[in-house]
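Following: one structure in structure tokens, then a few remarks.
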Amino acid sequence: MSLGDREVRRDAPVKVMGKAIYPGDIRSPDDLHAKVVFSGQVHAQMIAMDLTDAEAMPGVVTILTAADVPVNEYGLTMFDQPVMVGVGDRPRTGVDSTVSRWEGDHIALVVAESPEAALAAAEMIDVQWQQFPIVGDIDAALAPQAPLVHGEAGSNQYHHLKIRKGDMGVGWDQAAVVVESTYEFPHQEHAFLQPEAAVSHIDDSGRITVTVAGQWTAEDQEQIAHALDLPVEQVRVIYPAIGGAFGGREDVSLQIVLALASWRLRQGGEMRPVRCVWSREESIVGHHKRHRGRIRTRWGADFEGRITAVEADVLLDAGAYNYTSNKVLGNCHLAVAGPYVVPNARIDSSAIYTTTVPGGAFRGFGSPQGAFVAETQMNKLAEALGMDPVELRRRNIVREASVGITQTRLPDGVTMPEVLEACAEASGFGEKLADALPYSPVATLPAEPAALRRGRGLGCAMKNVGFSFGFPERCEARIVLHGSVGDPVPSSVELFHGGAEVGQGAHSAFLQMAATATGVPLDQVNGVFSDTATSGDSGSASASRLTWMAGNSIIGAAQEAEKAWRDGDRPAIGNFRFVPPPTEALDPETGAGQPNFSYGYVAQVVEVTVDVETGHIRVDRVVSTHDVGRSVNPSTIEGQVHGGVAQAHGYAMTEDLVVSEGRITNPTLSGYLMPGIGDVPISVEPVILELADPLGPWGVRGMAEMPTIPYVPAVVAAVHDATGVWFDEFPLTPSRVREAMIAAGY
Amino acid sequence: MHEVQRSGTQVSGYVSAESLEDAQRLLSEAGGAGRLIAGGTDLLIELARGKCSEVDLLIDLSGIGGLDGTELVEGVEGTELVLGPLMTHAQAAASPLVIEHALALAQACIEVGSPQIRNRATIVGNLITASPANDTISAAFVLDARLDILSSDGVRSQLPVTELYREFRQTNLGPTDVVCGIRLRVPAPESGARRASLFAKVGLRRSQAISVVHGAVAARFPADQGSVRDLRLSLGSVGPTVMMVPGVRDLVEGRELDEALIAEVAAVAASACSPIDDLRATARYRSDSVEVVVRRMLTALSQGREREMWRGDSPRLWGRVPNGHFATSGSIGDQTGPVEINVKVNGTEVVAQAGPGETLLSWLRGQEALTGTKEGCAEGECGACTVRLDGIAVVSCLVLARRVHGAEVVTIEGLAGAEGALSPLQASMTVCGGVQCGFCTPGFVVAADTLLAEVADPDEDQIRAGLAGNLCRCTGYEPIIEAVRSASESGSRP
């Protein structure tokens, strides 16, 4: 048995020795070096581009532009982005590919004999731009006569979702208390430690082969094939070690342009590999962020604390291109009503194009923003009613057979009540808050006890596991059982799987599941992963879905392989494509439908100490409670909790990406402050429940995003408990907190 | 092209100075194109960002021996504590003389950057970079520090630090002046009197934080209990240069530093500064913080609590190297273009080319194919490129490859146990869940290995202090702390 054991992850030994190979570590003496040239233009149309001087620079091999891209468009969910902005290309959609809509749009790829030569040539590219007005934020985009970021979309407000449930008139009539607020939330940068890097070459079978850090090999392969107008079989994508992702590698970065380079170079007889490594600044400028946005909302509840009405207007800043904004918006649209039974609701959610860095996938995928709003509204309702926040939730929380905000019964296995109760109990929520050690935000000075306030706050949330809204979910696995004809059981197992190991421990979890599914000891189970030449379509390492989906695919493949084994095949091969129950797009007018097949449930209690004179906040304790259905590896699960809380902590406290006039003004790790070892909460206590998901493999439930979702509102509630001040925006920087304390008379 | 993509300033020459006089001569000969480099933790970032485009020759002081110590000397005006021009922040914070006579400076030093940065960055460098956010300046102000300066033709002079700054990031040093040391007065002990200084910093993170406000205070409390004399108060990050708060000495001289007087001084300080809004805080917040911090500093000082938070056993990541002293390395003459350097890497002598502005990180990954050392930021923030130089942990992105000529470098590839087995620390990292994506892992392992060599049994505060220069985005750090604890002396005991 391996499932549930604290196995050491398979990749840990090579990683601690520095021997794991990431894309930027792949080198050969004959490498060519590429520079992806960003436009640096927030909103401007290219009039002309002159490569004469650049091409004459020493060491230049080729310079590729929009005109070299066979189908100059891409996008994970919509083809609304040119591979390169430029003139003389061949787009298929109506997107005007001569316009740079964001400072990180690509305009050229310079390939040269050295990185220095590529850069020097890139600096010699001469471009003439016609400046367009900057559409710097949501307000600018929605202003009358605002310039259109995408003419073909007809409006900057390009994607709109609705919920129309019950009767709002009745809901407000029944309300004894009403809480109305407008919330603002910032961008968040993924800041995975490994900036984007890739190598492209032509493999022995003549395939364009891109070795890169991504989240979904098959999707990268398709995107490349589409832009190059090639059959997918002529493209191969390989993931070596990946230095973190968190959603930030969901969309392509270097994949298409490097594949393009190899393909064009081969046409000229040049077969050398092409490599490219982004700097940290290029990484921060060049990939999407968690969406910033604004949500105005109004909630009503009766005297017993039962929610009577929820209305909300959600605006997410999608930035220059859609990326996954339409899907993130969908999640936020559901999350804004919280994990509660809401009889009457009106919710309108829109994604807005602006000429800023695109919004996209980031751990939680719209749910952290929605949960910030929903949970803060609940905590404000509790205050307005004079009711304990846990008790208020008990009276509203979704349970087995509850009808969700989309007017359909939630998938079976709703464990939100159990998670809430376990969190309340483990944290001692009903008891007096224990003393904490003195806190001084100024390291050399003793604490000022008179300035310290302590408080405690609660947040809870549910989020889908797996892709939503009718997307054709699937996951493929192949299992090969080795042994001799006379052997009663296999001697060893090989698993072929495409699922991406982005750091979360997926591959080791796959192997534990394969060992369990086949009954072969873990040390005889090996994997071949993340190479489109050998593994099938796994779907993405996202949406807390990978262990859940891969586990089901592995069970299926193991069953197929065992059948072949019983039939005498040696080796015995099992291929399986797992398909979960279908989901539905929401009704365009009412939002009715069954958007998801499984959910994860989380509750967190946070204890803080606030120095009201300096505005600094220390998080003393976090109790993070999760139903994981069934632990595949408890160490890995705890790692997800610690890491997810730390990311959420940065989001809540210090991570302040400043986007001004369309430009990121702090694209460095010295300017964008993620928490260090001295900044994270003093204590994080994972509380793990194992209440089986009826559809999960062995009952497994997705969990990796959950720790990031209710943390911000739990902190906000704790700060309110400590100081009496609500924060409707964050991060809770000392400046912001102190200004509010001054306003509150501290 | 985007501005973050533009190429940095490429220098064509690098020379290691044999002495300060030699450095002064080289600087004079180079005209405006020469630039002294010591720790390099500011300069290499500026060059990479294309600033100081006039610089074409780097004159490296950091290989000169004997310039990173402290000594007490008898001067005309009494006893002085002299700090060598190459004294690093880490060395100052560990120096018993500095801690005894200039606590504010020791406190300022340990609040700068991270252990790896403090192991290279010199105090003189922090002073002359002249950013109003530079922490040691406010401490040097209240300690009445003076700089020894060597000018052209061998002329030596002294300049009070309070007269060093002209405007934002501008000093009054001449283009060929070389700072040879820092002098702090050590007044003769006075029976029953107490002299005290204290530094304070408001930042947005515990480590690796640029000051939002910093300040220092020094004063004398004579034997006639209750009164205060010679109060000096400085503030930084609240104007174009670090400033002495005017008028406070006269305001408090001979009076009892009680709550009311402290509030008065705090109000004077807040009204004396002229902060601006920036990425880190609003001007209003800064003024408000000045009031709070000055009040807390004076309260602590008046109560004799200035040492209360001081931990003398904070790890420095020196491993077993005494005094954080880099071994004197081989020198390289003034040659343009790449030269061959001899370096002992992971115990093996290697000879390979290094360009004049090339970083150790780039050299290790490129020339030596030691790709375990990672680049995560190229500005000393993330610690993924941590290596040991002469036994001391540094960030290899902010060390020049040529600086390590004749030196010894240990990378992650050199840390495995016997026959390539995992070291106890590496093993505990795997068992405790200290590894997820693994990209930060080599830097953490090198830093933690150095920490354990220095402190066999670190407590949690020491582990956090020792690993403050390494960022991780996956684990939330707690499993890494657990791994270090379990690999430590008490953790590995059966």
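A, B, ... follow the sequence lines: proteins, then strands. Residue 1 opens every chain. All values below were derived from every heavy atom in this structure, side-chain atoms included, with hydrogens, water molecules and symmetry-related copies excluded.
Ionic pairing of R473(B) and E655(A) is present here: one or more N-O contacts between side-chain nitrogen and carboxylate oxygen are shorter than 4.0 angstrom. R6(B) and E123(A) are joined by a salt bridge, as a carboxylate oxygen and a charged side-chain nitrogen come within less than 4.0 angstrom of each other. In summary, E638(A) and R6(A) engage in a salt bridge, as defined by a charged side-chain N under 4.0 Å from a carboxylate O.
With sequence neighbours excluded, no residue forms a ring-ring contact (aromatic ring centres under 6.0 Å, His included) with F199(B).
Only the backbone of C472(B) comes within contact range of chain A, with at least one heavy atom under 4.5 Å from a heavy atom of that chain. At a 4.5 Å heavy-atom cutoff, the contact between R295(B) and chain A is made by side-chain atoms alone. Looking at L198(B), only its side chain comes within 4.5 Å of chain A, counting heavy atoms on both sides. For A281(B), the parts sitting under 4.5 Å from any heavy atom of chain A are the backbone and the side chain alike. Interface residue P667(A): only side-chain heavy atoms are found under 4.5 Å from chain B. When heavy atoms are compared at a cutoff of 4.5 Å, T733(A) does not approach chain B at all. Proximity to chain A is limited to the side chain of I481(B), based on heavy atoms less than 4.5 angstrom apart. Using a 4.5 Å cut-off between heavy atoms, K201(B) contacts chain A through its backbone alone, with no side-chain atom that close. At a 4.5 Å heavy-atom cutoff, the contact between A20(A) and chain B is made by backbone atoms alone. Only the backbone of V36(A) comes within contact range of chain B, with at least one heavy atom under 4.5 Å from a heavy atom of that chain. Of the two parts of D611(A), only the side chain, counted from C-beta on, holds a non-hydrogen atom closer than 4.5 Å to a non-hydrogen atom of chain B.
With chain B as the partner, the residue from G40(A), A122(A), G104(A), P446(A) showing the most heavy-atom pairs under 4.5 Å is P446(A). Chain B forms the most heavy-atom pairs under 4.5 Å with one residue out of E282(A), R736(A), Q640(A), and that residue is E282(A).
Using cut-offs of 30° and 60° for the angle between ring planes, the F444(B) and Y477(B) rings count as tilted. Taking the six-membered ring where the residue is Trp, H106(A) and F38(A) present parallel rings, their angle staying beneath 30° rather than reaching 60°.
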